[in-house]
There are 2 protein chains.
Amino acid sequence: MTPDNLDRERWERAALDALERGGLAAVAVEPLARALGVTKGSFYWHFKSRADLIAATVARWERLHVDGPLQAAGAIDDPRERLMELLGRAGAKPPSIFIRLLDAVDEPVVRAAVARAAQERVAFLAKAFRELGLTPARARRQALLAYSTYVGRAHLARDAPELLGDQAALSRHIAEQLIG
Amino acid sequence: MTPDNLDRERWERAALDALERGGLAAVAVEPLARALGVTKGSFYWHFKSRADLIAATVARWERLHVDGPLQAAGAIDDPRERLMELLGRAGAKPPSIFIRLLDAVDEPVVRAAVARAAQERVAFLAKAFRELGLTPARARRQALLAYSTYVGRAHLARDAPELLGDQAALSRHIAEQLIG
DNA sequence: CCCTCACCATACGGCACCGTATTGACAGCG
DNA sequence: CGCTGTCAATACGGTGCCGTATGGTGAGGG
């Protein structure tokens with residue numbers, strides 16, 4: 001036992017990088033093998049198939065970029081500050097991996113993960129808005145609105161960045177409008 | 001002269017449909033030929049290459065789904081109503097072709113069109129907000145916010161529709177928050 | 001000292017697509 | 001009737017990827 005999995009890990013890291021840079025199409029066996037300086041022989045030792053690698057990559061993203069940040073923000077007591085943290089961070093570093101995944105929802109594994117992420121994030125936001133005193137229904141709608149802006153901004157950051165102008169000012173504007 | 005272009009038109013229509021259903025990857029010569037009941041021989045008569053078809057398809061989308069609606073809304077005098085029209089329509093029919101294009105911004109032609117669309121739409125919204133009395137800077141930020149929600153909602157409609165719940169209520173909520 | 005086993009290389013067949021001939025079919029006109 | 005131009009079918013070669021089969025290689029255990 002104790003499979004130290006260190007080379008499998010290497011493949012997974014490379015896959016996540018490739019996803020960010022070239023989309024899911026770049027999470028392909030032969031290109032990755034070239035990038036890693038090995039051949040497919042290695043890959044098919046560590047993974048059952050390309051689908052297997054994709055599943056692992058998506059799961060990795062979910063751990064690192066969905067559950068992680070949500071747990072971190074959950075440690076903040078004040079709901080207003082918690083929201084600021086989440087919506088502010090959205091402005092700072094545009095989550096390009098996320099958009100790459102949205103580009104690939106035709107893959108059922110990806111669609112499932114993306115849907116789960118949306119569900120968790122909206123629920124998290126809704127809870128914060130409830131703590132701010134909004135009614136449950138209103139809090140949920142406000143959460144959907146906030147999450148929509150998050151996704152939309154990520155898109156603009158990638159596809160029309162020159163449009164965004166002063167990011168910090170926009171972040172303040174959005175926070176003011178949505179959190180109040 | 002007078003190339004009646006009727007069969008080229010058929011290819012273009014089919015391409016736009018395929019784009020909506022299967023993304024840009026589905027805008028492929030051989031699959032489309034199969035769907036149309038012809039062979040590639042026809043295609044390479046009407047088009048120089050696949051890139052040519054893609055360019056034509058994107059241009060078609062831009063005419064039908066960007067410039068068209070914007071001109072239509074431009075006919076509304078009252079800026080509040082104009083905004084309602086645009087943001088409301090966003091809730092009614094989720095523009096899945098648009099999302100498919102976002103999925104394909106790696107293609108430079110697509111990226112250019114998407115960026116142009118964003119630029120035009122944001123400018124249009126900003127003008128409306130200015131007419132509502134906002135300062136230019138504030139109007140622009142508000143326009144960016146509104147457009148972000150548009151994109152984000154389109155994403156949710158496709159990838160996590162069960163999350164959206166009552167669309168009409170959400171539309172009202174968003175309008176209330178953004179237009180006031 | 002050899003053998004096993006984890007690990008990787010090589011080489012192959014298959015598939016789906018792009019693009020290029022080359023060859024027909026058919027309509028209108030002289 | 002034959003010629004020409006428009007359009008489509010067939011057939012081919014090329015590319016990039018997936019997955020499999022099979023053959024090394026080197027380190028540790030008996």
Side-chain angles (χ1 to χ4, degrees), chain A residues 1-59 100-101 103-111, chain B residues 1-59 100-101 103-111:
Chain A
M1 284 297 166
T2 64
D4 60 313
N5 279 354
L6 216 145
D7 291 354
R8 188 182 152 101
E9 176 91 9
R10 239 185 115 215
W11 278 97
E12 286 189 13
R13 287 185 173 284
L16 204 60
D17 278 25
L19 173 63
E20 176 156 17
R21 279 213 281 279
L24 197 67
V27 182
V29 180
E30 288 173 359
L32 279 181
R34 280 194 292 275
L36 289 173
V38 294
T39 61
K40 303 195 297 182
S42 167
F43 178 83
Y44 283 98
W45 176 259
H46 296 290
F47 298 86
K48 199 164 89 333
S49 67
R50 182 180 177 244
D52 190 12
L53 174 63
I54 289 177
T57 305
V58 168
R100 288 307 198 173
L101 284 173
D103 291 349
V105 289
D106 284 339
E107 209 71 29
V109 203
V110 175
R111 168 168 239 125
Chain B
M1 283 297 165
T2 67
D4 61 315
N5 279 353
L6 216 146
D7 290 354
R8 188 184 156 105
E9 176 91 11
R10 236 183 119 216
W11 278 98
E12 286 189 12
R13 288 185 174 282
L16 204 59
D17 278 25
L19 173 62
E20 176 156 19
R21 279 212 283 279
L24 197 68
V27 182
V29 181
E30 288 172 359
L32 279 181
R34 280 195 293 273
L36 289 175
V38 295
T39 62
K40 303 195 296 182
S42 166
F43 178 83
Y44 283 97
W45 176 260
H46 296 290
F47 298 87
K48 199 165 89 333
S49 67
R50 181 181 178 243
D52 190 12
L53 173 64
I54 289 178
T57 305
V58 168
R100 288 305 199 175
L101 285 173
D103 291 349
V105 289
D106 285 339
E107 211 71 28
V109 202
V110 175
R111 166 168 240 125

- Over how many whole Å does the gap from B/Leu24 atom CG to C/dC17 atom C1' extend? 14 Å
- Integer-rounded Å distance: D/dA8 P and B/Phe47 CZ: 11 Å
- Task: Give the rounded distance in Å between these two atoms: CD1 of B/Ile54 and C1' of C/dC17.
- Result: 12 Å
- Here the gap from B/Leu24 atom CG to B/Glu107 atom CD, rounded to the nearest 0.5 Å, amounts to 6.0 Å
- Query: When you measure from the side chain of A/Arg100 to the backbone N and O of A/Ala18, does any donor-acceptor pair fall under 3.5 Å?
  - Reply: no
- Message: Does C/dA6 have OP1 or OP2 under 4.0 Å away from a side-chain N or O of A/His46?
- Response: no
Under-3.5 Å N/O pairs linking protein and nucleotides 17-19 of chain D:
residue	atom	partner	partner atom	Å
D/dC17	OP2	A/Arg34	NH2	3.1
D/dC18	OP1	A/Val29	N	3.2
D/dC18	OP1	A/Arg50	NE	3.2
D/dC18	OP2	A/Val29	N	3.1
D/dC18	OP2	A/Glu30	N	3.2
D/dC18	N4	A/Glu30	OE2	3.3
D/dG19	OP2	A/Tyr44	OH	3.0
D/dG19	OP2	A/Arg50	N	3.0
D/dG19	N7	A/Lys40	NZ	2.7
D/dG19	O6	A/Lys40	NZ	2.1

- Between P of C/dC18 and CG of B/Asp52, the distance in whole Å: 13 Å
- Give, for atom CG of B/Leu53 and atom CG of B/Leu19, the distance between the pair rounded to the nearest 0.5 Å. 10.0 Å
- Message: Does C/dC7 have OP1 or OP2 under 4.0 Å away from a side-chain N or O of A/Trp45?
- Response: yes
- Item | Presence of salt bridge, B/Glu30 and B/Lys40, under 4.0 angstrom | yes
- Taking atom CD1 of A/Ile54 and atom CZ of A/Phe47, what is their separation to the nearest 0.5 Å? 11.0 Å
- Could you tell me the separation between the CG atom of A/Asp7 and the P atom of C/dC5, rounded to a whole number of Å? 20 Å
- Could you state the interatomic distance from CD (A/Glu20) to CG (A/Leu101), rounded to the nearest 0.5 Å? 10.0 Å
